[in-house]
S.K.: 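Take a look at this one; I'll ask things after.
The structure presented is a predicted model; accordingly, all values stated were derived computationally and were not measured. Just so you know, residue 1 is the first one in the sequence shown, and it goes up from there.
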Amino acid sequence: MSQFTEQEFFGGAIRGVVPQGWIDSSTLREVPDHQELWLSPTTLSNLIIEINQRVPQDEALSTFATLNQQLTAAPGSGSAAPATTETVDQAAALHHLHDLCDEGDTMQVIKSPTRVDVQLASSSPTPSGVRAYRGIVSFTTPVRGGGGRIPASAEGSAAGVADAGMLGAQVDEVSNGLPQVSRLTCHFLIVRLEAQDTDLLVFFNVPHEEFDKTGDPNGLSVEEVLAEETIGALTGRLQICDWGLFV
(Lines give C-alpha, C1' and ligand atoms only; values in the text may rest on other atoms or scores of the structure.)
Protein backbone atom coordinates (compact mmCIF):
# COMPACT_ATOMS: atom_id res chain seq x y z
CA MET A 1 0.00 0.00 0.00
CA SER A 2 1.42 3.38 -1.02
CA GLN A 3 2.16 6.08 1.56
CA PHE A 4 0.76 9.59 1.14
CA THR A 5 1.40 13.01 2.66
CA GLU A 6 -1.34 15.53 3.44
CA GLN A 7 -0.88 18.57 1.22
CA GLU A 8 -2.43 22.00 0.66
CA PHE A 9 -2.96 23.19 -2.92
CA PHE A 10 -3.63 26.66 -4.33
CA GLY A 11 -2.55 28.45 -1.15
CA GLY A 12 -4.65 26.23 1.10
CA ALA A 13 -7.92 26.63 -0.82
CA ILE A 14 -7.84 22.90 -1.59
CA ARG A 15 -6.42 20.07 0.50
CA GLY A 16 -5.52 16.56 -0.54
CA VAL A 17 -2.59 14.17 -0.62
CA VAL A 18 0.51 13.50 -2.70
CA PRO A 19 2.72 10.40 -2.74
CA GLN A 20 5.21 10.55 0.10
CA GLY A 21 8.46 12.29 -0.82
CA TRP A 22 7.19 13.89 -4.04
CA ILE A 23 8.53 17.31 -5.02
CA ASP A 24 6.55 20.52 -5.47
CA SER A 25 7.56 21.65 -8.96
CA SER A 26 6.96 25.31 -8.09
CA THR A 27 10.20 25.20 -6.07
CA LEU A 28 12.05 24.35 -9.30
CA ARG A 29 10.22 26.26 -12.02
CA GLU A 30 7.31 28.58 -12.63
CA VAL A 31 3.94 26.84 -12.71
CA PRO A 32 0.72 28.49 -14.02
CA ASP A 33 -1.60 29.81 -11.31
CA HIS A 34 -4.37 27.37 -12.25
CA GLN A 35 -2.13 24.32 -11.75
CA GLU A 36 -0.25 22.35 -9.13
CA LEU A 37 2.55 20.08 -10.41
CA TRP A 38 4.26 17.42 -8.28
CA LEU A 39 7.19 15.29 -9.42
CA SER A 40 8.40 11.86 -8.37
CA PRO A 41 11.93 11.97 -6.90
CA THR A 42 12.78 8.56 -8.35
CA THR A 43 10.89 8.19 -11.65
CA LEU A 44 9.59 10.38 -14.49
CA SER A 45 5.99 10.26 -13.24
CA ASN A 46 4.13 13.42 -12.24
CA LEU A 47 0.89 14.51 -10.62
CA ILE A 48 -1.01 17.54 -11.92
CA ILE A 49 -4.02 19.24 -10.32
CA GLU A 50 -5.67 21.78 -12.58
CA ILE A 51 -8.60 24.19 -12.42
CA ASN A 52 -10.32 24.62 -15.79
CA GLN A 53 -13.38 26.27 -17.25
CA ARG A 54 -16.30 23.86 -17.24
CA VAL A 55 -16.79 22.28 -20.67
CA PRO A 56 -20.24 23.07 -22.13
CA GLN A 57 -22.42 20.14 -23.19
CA ASP A 58 -22.31 20.87 -26.93
CA GLU A 59 -18.54 21.20 -26.93
CA ALA A 60 -18.07 18.01 -24.92
CA LEU A 61 -20.30 15.97 -27.21
CA SER A 62 -18.71 17.46 -30.32
CA THR A 63 -15.27 16.43 -29.12
CA PHE A 64 -16.49 12.95 -28.34
CA ALA A 65 -17.84 12.59 -31.85
CA THR A 66 -14.31 13.09 -33.22
CA LEU A 67 -12.82 10.25 -31.20
CA ASN A 68 -12.47 6.74 -32.53
CA GLN A 69 -13.38 5.25 -29.17
CA GLN A 70 -16.59 3.43 -28.26
CA LEU A 71 -17.52 3.60 -24.57
CA THR A 72 -20.26 1.43 -23.16
CA ALA A 73 -22.04 4.37 -21.56
CA ALA A 74 -20.80 7.13 -23.80
CA PRO A 75 -22.98 9.51 -25.78
CA GLY A 76 -23.50 8.50 -29.37
CA SER A 77 -22.78 4.82 -28.74
CA GLY A 78 -25.43 3.41 -31.03
CA SER A 79 -28.30 5.41 -29.64
CA ALA A 80 -30.04 8.56 -30.83
CA ALA A 81 -31.53 9.18 -27.38
CA PRO A 82 -30.73 12.51 -25.71
CA ALA A 83 -27.50 12.49 -23.72
CA THR A 84 -27.92 12.08 -19.96
CA THR A 85 -26.05 14.12 -17.37
CA GLU A 86 -23.66 11.24 -16.83
CA THR A 87 -22.87 10.75 -20.51
CA VAL A 88 -22.23 14.47 -20.92
CA ASP A 89 -19.87 14.35 -17.94
CA GLN A 90 -18.04 11.41 -19.48
CA ALA A 91 -17.71 13.30 -22.73
CA ALA A 92 -16.39 16.34 -20.83
CA ALA A 93 -13.69 14.22 -19.22
CA LEU A 94 -12.61 12.93 -22.63
CA HIS A 95 -12.68 16.48 -23.99
CA HIS A 96 -10.11 17.61 -21.43
CA LEU A 97 -7.91 14.61 -22.17
CA HIS A 98 -8.25 14.90 -25.93
CA ASP A 99 -7.30 18.57 -25.61
CA LEU A 100 -3.82 17.39 -24.60
CA CYS A 101 -3.35 15.75 -28.01
CA ASP A 102 -1.41 17.35 -30.82
CA GLU A 103 -1.75 16.53 -34.51
CA GLY A 104 -0.78 12.92 -35.12
CA ASP A 105 -1.29 11.86 -31.50
CA THR A 106 -3.70 9.10 -30.53
CA MET A 107 -5.57 8.51 -27.30
CA GLN A 108 -6.84 5.12 -26.18
CA VAL A 109 -9.40 4.75 -23.39
CA ILE A 110 -8.24 2.00 -21.04
CA LYS A 111 -10.89 2.55 -18.36
CA SER A 112 -13.93 4.64 -19.26
CA PRO A 113 -14.80 7.60 -17.01
CA THR A 114 -16.67 6.02 -14.10
CA ARG A 115 -18.76 7.88 -11.51
CA VAL A 116 -17.21 8.03 -8.03
CA ASP A 117 -18.34 9.63 -4.78
CA VAL A 118 -16.44 12.63 -3.43
CA GLN A 119 -16.95 14.57 -0.20
CA LEU A 120 -15.30 17.88 -0.98
CA ALA A 121 -16.39 20.13 1.88
CA SER A 122 -14.32 20.03 5.07
CA SER A 123 -16.89 21.64 7.40
CA SER A 124 -20.23 21.54 5.60
CA PRO A 125 -22.02 19.32 3.10
CA THR A 126 -20.67 19.46 -0.43
CA PRO A 127 -22.89 21.71 -2.59
CA SER A 128 -25.23 20.07 -5.05
CA GLY A 129 -24.24 19.82 -8.68
CA VAL A 130 -20.88 18.22 -7.88
CA ARG A 131 -20.08 14.99 -9.73
CA ALA A 132 -16.78 13.15 -10.11
CA TYR A 133 -15.42 10.54 -12.51
CA ARG A 134 -12.15 8.61 -12.72
CA GLY A 135 -10.56 6.51 -15.43
CA ILE A 136 -7.40 5.74 -17.40
CA VAL A 137 -6.24 6.63 -20.91
CA SER A 138 -2.99 6.12 -22.78
CA PHE A 139 -1.38 8.51 -25.24
CA THR A 140 0.74 7.52 -28.22
CA THR A 141 2.54 10.24 -30.11
CA PRO A 142 5.12 10.22 -32.93
CA VAL A 143 8.62 11.21 -31.92
CA ARG A 144 9.21 14.65 -33.39
CA GLY A 145 12.53 16.29 -34.08
CA GLY A 146 14.51 13.32 -32.86
CA GLY A 147 13.10 13.45 -29.33
CA GLY A 148 10.06 11.99 -27.61
CA ARG A 149 7.31 14.14 -26.19
CA ILE A 150 3.93 13.63 -24.59
CA PRO A 151 0.63 14.91 -25.98
CA ALA A 152 0.40 18.63 -25.21
CA SER A 153 -0.85 21.24 -27.60
CA ALA A 154 -2.16 24.37 -25.92
CA GLU A 155 0.20 26.44 -23.83
CA GLY A 156 -0.56 25.85 -20.17
CA SER A 157 -2.28 22.53 -20.74
CA ALA A 158 -1.82 19.99 -18.00
CA ALA A 159 0.64 17.76 -19.76
CA GLY A 160 2.42 20.72 -21.27
CA VAL A 161 3.63 22.07 -17.94
CA ALA A 162 6.68 19.84 -18.05
CA ASP A 163 8.85 19.31 -21.09
CA ALA A 164 9.65 15.97 -22.69
CA GLY A 165 12.80 15.62 -20.64
CA MET A 166 10.83 15.95 -17.40
CA LEU A 167 7.94 13.66 -18.31
CA GLY A 168 9.79 11.19 -20.48
CA ALA A 169 8.77 9.16 -23.50
CA GLN A 170 9.06 5.61 -24.61
CA VAL A 171 10.80 5.34 -27.97
CA ASP A 172 10.00 2.26 -30.00
CA GLU A 173 12.84 1.24 -32.30
CA VAL A 174 11.14 -0.26 -35.30
CA SER A 175 12.78 -1.86 -38.28
CA ASN A 176 9.84 -1.85 -40.68
CA GLY A 177 9.90 1.87 -41.43
CA LEU A 178 7.02 2.83 -39.12
CA PRO A 179 7.39 6.09 -37.16
CA GLN A 180 8.92 5.95 -33.71
CA VAL A 181 6.39 6.68 -31.00
CA SER A 182 6.31 7.64 -27.34
CA ARG A 183 3.80 6.30 -24.83
CA LEU A 184 2.34 7.55 -21.59
CA THR A 185 -0.44 6.36 -19.29
CA CYS A 186 -2.70 8.96 -17.66
CA HIS A 187 -4.81 8.07 -14.62
CA PHE A 188 -7.35 10.86 -14.18
CA LEU A 189 -10.02 12.29 -11.93
CA ILE A 190 -12.46 15.00 -13.00
CA VAL A 191 -14.69 16.80 -10.49
CA ARG A 192 -17.42 18.82 -12.16
CA LEU A 193 -18.46 21.86 -10.11
CA GLU A 194 -21.66 23.01 -11.75
CA ALA A 195 -22.39 26.08 -9.62
CA GLN A 196 -18.79 27.29 -9.98
CA ASP A 197 -18.73 26.68 -13.75
CA THR A 198 -15.50 24.77 -13.15
CA ASP A 199 -13.93 21.40 -13.90
CA LEU A 200 -11.32 20.36 -11.33
CA LEU A 201 -8.88 17.90 -12.93
CA VAL A 202 -6.26 15.51 -11.59
CA PHE A 203 -3.78 13.76 -13.91
CA PHE A 204 -1.24 11.17 -12.76
CA ASN A 205 1.07 10.66 -15.75
CA VAL A 206 3.26 7.56 -16.10
CA PRO A 207 5.79 7.76 -18.96
CA HIS A 208 7.05 4.33 -20.02
CA GLU A 209 10.55 5.19 -21.20
CA GLU A 210 12.65 4.38 -18.17
CA PHE A 211 10.96 1.04 -17.58
CA ASP A 212 11.04 -0.13 -21.19
CA LYS A 213 14.62 0.90 -21.75
CA THR A 214 15.74 -1.21 -18.80
CA GLY A 215 13.33 -4.08 -19.50
CA ASP A 216 11.56 -3.54 -16.19
CA PRO A 217 7.85 -4.38 -16.60
CA ASN A 218 7.55 -4.93 -12.86
CA GLY A 219 8.75 -1.39 -12.22
CA LEU A 220 6.16 -0.06 -14.65
CA SER A 221 3.48 -2.14 -12.94
CA VAL A 222 4.44 -0.72 -9.55
CA GLU A 223 4.22 2.81 -10.95
CA GLU A 224 0.78 2.13 -12.44
CA VAL A 225 -0.40 0.83 -9.06
CA LEU A 226 0.89 4.00 -7.40
CA ALA A 227 -1.03 6.07 -9.94
CA GLU A 228 -4.24 4.13 -9.31
CA GLU A 229 -3.86 4.37 -5.54
CA THR A 230 -3.09 8.09 -5.69
CA ILE A 231 -6.25 8.83 -7.66
CA GLY A 232 -8.18 6.66 -5.22
CA ALA A 233 -6.71 8.50 -2.23
CA LEU A 234 -7.55 11.89 -3.72
CA THR A 235 -11.07 10.74 -4.50
CA GLY A 236 -11.60 10.07 -0.81
CA ARG A 237 -9.54 12.90 0.72
CA LEU A 238 -9.83 15.88 -1.61
CA GLN A 239 -11.34 18.86 0.22
CA ILE A 240 -12.26 22.35 -0.90
CA CYS A 241 -11.64 24.72 2.00
CA ASP A 242 -12.25 28.02 0.22
CA TRP A 243 -14.96 28.03 -2.44
CA GLY A 244 -13.97 31.62 -3.22
CA LEU A 245 -11.13 30.12 -5.26
CA PHE A 246 -13.60 29.65 -8.10
CA VAL A 247 -15.11 33.15 -8.09
Side-chain angles (χ1 to χ4, degrees), residues 37 39-40 43-48 50 52 55 60 62-72 74 76-77 90-114 133-190 201-228 230-231:
L37 171 61
L39 307 172
S40 167
T43 72
L44 296 174
S45 297
N46 65 88
L47 175 69
I48 298 168
E50 179 171 300
N52 261 326
V55 179
S62 176
T63 297
F64 180 84
T66 69
L67 301 177
N68 293 322
Q69 310 294 338
Q70 293 296 323
L71 303 181
T72 301
S77 56
Q90 289 176 317
L94 295 179
H95 171 91
H96 286 294
L97 291 157
H98 188 254
D99 194 47
L100 304 178
C101 293
D102 212 341
E103 184 177 357
D105 299 339
T106 59
M107 184 181 81
Q108 178 184 3
V109 178
I110 299 175
K111 289 187 177 180
S112 304
T114 302
Y133 300 79
R134 62 182 294 185
I136 307 172
V137 300
S138 67
F139 294 107
T140 302
T141 183
V143 173
R144 298 178 175 90
R149 60 179 290 283
I150 64 164
S153 51
E155 181 180 356
S157 64
V161 174
D163 57 25
M166 182 66 72
L167 295 181
Q170 172 200 354
V171 178
D172 287 341
E173 298 293 344
V174 291
S175 58
N176 59 359
L178 294 176
Q180 294 178 333
V181 296
S182 60
R183 292 196 177 94
L184 176 144
T185 307
C186 177
H187 299 244
F188 67 88
L189 171 70
I190 177 173
L201 306 165
V202 179
F203 302 104
F204 191 120
N205 296 304
V206 181
H208 294 192
E209 176 188 22
E210 59 193 309
F211 306 105
D212 292 311
K213 281 186 174 179
T214 58
D216 185 15
N218 289 334
L220 177 59
S221 178
V222 168
E223 202 72 1
E224 298 283 7
V225 169
L226 174 60
E228 189 76 354
T230 301
I231 294 298

S.K.: Supply the atom-to-atom distance Ile190 CD1 to His96 NE2, rounded to the nearest 0.5 angstrom.
M.R.: 4.5 Å
S.K.: Under 4.5 Å between any side-chain heavy atoms of Leu100 and Met107, yes or no?
M.R.: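 Leu100 vs Met107: side chains apart.
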S.K.: State, yes or no, whether a side-chain contact exists between Phe204 and Val206 at a heavy-atom distance under 4.5 Å.
M.R.: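 They are in side-chain contact.
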S.K.: Would you check if Phe203 and Leu97 make a side-chain contact, meaning some heavy-atom pair closer than 4.5 Å?
M.R.: yes
S.K.: Just by distance, do the side chain of Ser221 and the backbone of Pro217 share a donor-acceptor pair under 3.5 Å?
M.R.: no
S.K.: Could you go step by step and tell me if Val137 and Phe188 meet the side-chain contact (heavy atoms from CB on, under 4.5 Å) rule?
M.R.: CA-CA 8 Å; Val137 300; Phe188 67 88; 4.0 Å; yes
S.K.: For a quick test of reading the model, state the closest non-hydrogen atom pair linking Ala60 to Ala91 and the distance between them.
M.R.: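 Ala60 and Ala91 have their closest heavy atoms at O-CB, 3.7 Å.
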S.K.: Return the CG to OG distance between Asp105 and Ser182, rounded to the nearest 0.5 Å.
M.R.: 7.5 Å
S.K.: Below 4.5 Å, heavy atoms only, C-beta onward: do Thr140 and Gln108 meet side chain to side chain?
M.R.: no
S.K.: Does the pair Glu224 and His208 meet the rule for a side-chain contact (heavy atoms from CB on, under 4.5 Å), with working shown?
M.R.: CA-CA 10 Å; Glu224 298 283 7; His208 294 192; 3.7 Å; yes
S.K.: For a 4.5 angstrom cut-off between non-hydrogen side-chain atoms, does Ser112 reach Ile136?
M.R.: no
S.K.: Under a 3.5 Å distance rule, please check whether Gln90 uses its side chain to pair with a backbone N or O of Pro113 as donor and acceptor.
M.R.: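 At least one qualifying donor-acceptor pair exists.
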S.K.: Atom CG in Leu44, atom CG in Asn205: separation rounded to 0.5 Å?
M.R.: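 Rounded to the nearest 0.5 Å, the CG-CG separation comes to 11.5 Å.
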S.K.: Side-chain contact test, heavy atoms from C-beta onward, threshold under 4.5 Å: evaluate it for Ser45 versus Pro207 and give yes or no.
M.R.: yes
S.K.: Would you give the length of the straight line joining atom CG of Leu189 to atom CD1 of Ile231, rounded to the nearest 0.5 angstrom?
M.R.: 5.5 Å
S.K.: Quick check: does any side chain N or O of Arg134 sit under 3.5 Å from a backbone N or O of Glu228, one acting as donor and the other as acceptor?
M.R.: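 Confirmed, Arg134 side chain pairs with Glu228 backbone.
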